There are 2 protein chains.
Amino acid sequence: MKELDEMDLKILRFLQENSDITTKEIAQKIHLSTTPVYERIKKLEQQGYIKKYVAVLDREKLDRDLVVFCNITLKEHSKVIGHQFVKDILSLKEVTECYNVSGDYDFLLKVMVKDMRAYQDFVLNHLGEIENIGSAHSTFVMGEIKQTYEVPV
Amino acid sequence: MKELDEMDLKILRFLQENSDITTKEIAQKIHLSTTPVYERIKKLEQQGYIKKYVAVLDREKLDRDLVVFCNITLKEHSKVIGHQFVKDILSLKEVTECYNVSGDYDFLLKVMVKDMRAYQDFVLNHLGEIENIGSAHSTFVMGEIKQTYEVPV
DNA sequence: ACTGAAAGACGTCGAAT
DNA sequence: ATTCGACGTCTTTCAGT
């Protein structure tokens, strides 16, 4: 991180907002020519600051209208059991995010499904099949105020 | 959504995993030539299934080591107050996601900061400045088990 | 480390089948 | 839907400052 200057940060800000932008356009915006911009981007990719480039899809157009944050506690907390839980969770495609968290619960899942019926099916038939879940508490998303994948830099 | 066939879905799956892939490579993977793949992608972009293309950055390499889910309640729930809260929240760059949720709290924020000291500063000096917040309950992320921006299709 | 120019690759799109 | 082909633009590189 130390070796990044303000030019690098500006490039990162542009790219994480829209990676379709051309090297030339970035160059114009930050008042450089294309070559240094090109080389900086390559450096940022190689050094891992940029992990990958992805397409962002429209959740609702793809009929995934329901987003739920699901708080999970485990019955036991041994290393083996935790590991098995993680393995089981990773296989569920409806779970787009999973965090090990502090507080009253052990894990926080972000689940994306078509509708309430699909969520019911998810809880009963998918979560319900996983061993060692103590409790599951669902928080439903009613509105997305802000939704970005950006790292504040 | 109805008008998407299996080919379109395959293309979306590839692109949301890695948008650096060339039209030619997708064509090979799904056994089509480049022209129809190209046209399908353009259609998916124009119809809004693909919202944009972005670079995914490495949070930890950029010194944003602490992720916190912050549950907020408002003191009052009038339309005006909710609107002002939203406006205030949107101005905080540390808040990468904000949802209006069901349950014991009104809003769920995902906050990304450098460390615990920065979080303290965020809560005291940024959240603390916002009117009408009744309570804030922080859940700290200890480990990221799964973290994807993909829509399950 | 940057500029400017030049080569080459790929996205882009029309025409024909 | 496919191949072919051509055009334009961007990526990529190199010589020069």
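Here is the naming used below: chain letters follow the sequence lines, and residue numbers restart at 1 for every chain. Everything numeric in this text was worked out from a predicted model, so none of it was measured.
Listed nucleotides C:dC2, C:dG11, D:dT13 differ in distance to A:P36; the shortest reach to its side chain belongs to C:dC2.
A:K43 has its NZ atom 17 Å from the P atom of D:dT12, to the nearest Å. The interatomic distance linking A:L4 (CG) with C:dA1 (P) rounds to 13 Å, in whole Å. Here the C1' atom of nucleotide D:dT11 and the CD1 atom of A:I41 are 10 Å apart, to the nearest Å. Across the protein-nucleic acid pair, A:K42 atom NZ and C:dC2 atom C1' stand 19 Å apart, rounded to whole Å. Between the P atom of D:dA1 and the CD atom of B:E6 lies a distance of 15 Å, rounded to the nearest Å. Counting to the nearest Å, the P atom of D:dC10 and the CD atom of A:E39 are 19 Å from each other.
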Requested in this report: In sequence, state the C-alpha distance, the side-chain angles, and the governing distance for B:D115 and B:L66, and then conclude on side-chain contact (heavy atoms from CB on, under 4.5 Å).
Outcome: CA-CA 5 Å; B:D115 52 24; B:L66 188 59; 5.5 Å; no
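For the segment residues 24-35 of chain B, the set of residues with a heavy atom within less than 4.0 Å of an atom of DNA chain D comprises B:H31, B:L32, B:S33, B:T35, in numerical order.
The side chain of A:Y38 places no N or O atom within less than 4.0 Å of a non-bridging phosphate oxygen (OP1 or OP2) of D:dT11. Applying the 4.0 Å criterion to OP1 and OP2 of C:dA1, one finds that A:R40 has every side-chain N and O outside that range.
Annotation: the span from A:T148 atom OG1 to A:Q16 atom CD amounts to 6.5 Å, rounded to 0.5 Å.
Using a cut-off of 4.0 Å between Lys/Arg side-chain N and Asp/Glu carboxylate O, B:E45 and B:K51 are scored as not salt-bridged.
Of all non-hydrogen atoms in B:V113 and B:A118, the two that sit nearest each other are CB-CB, 3.9 Å.
Checked against a 6.0 Å centroid threshold, the rings of A:F69 and A:F140 do not count as neighbours.
Using a distance-only test at 3.5 Å, with no hydrogens or angles considered, no donor-acceptor pair links the side chain of A:T139 to the main chain of B:S102.
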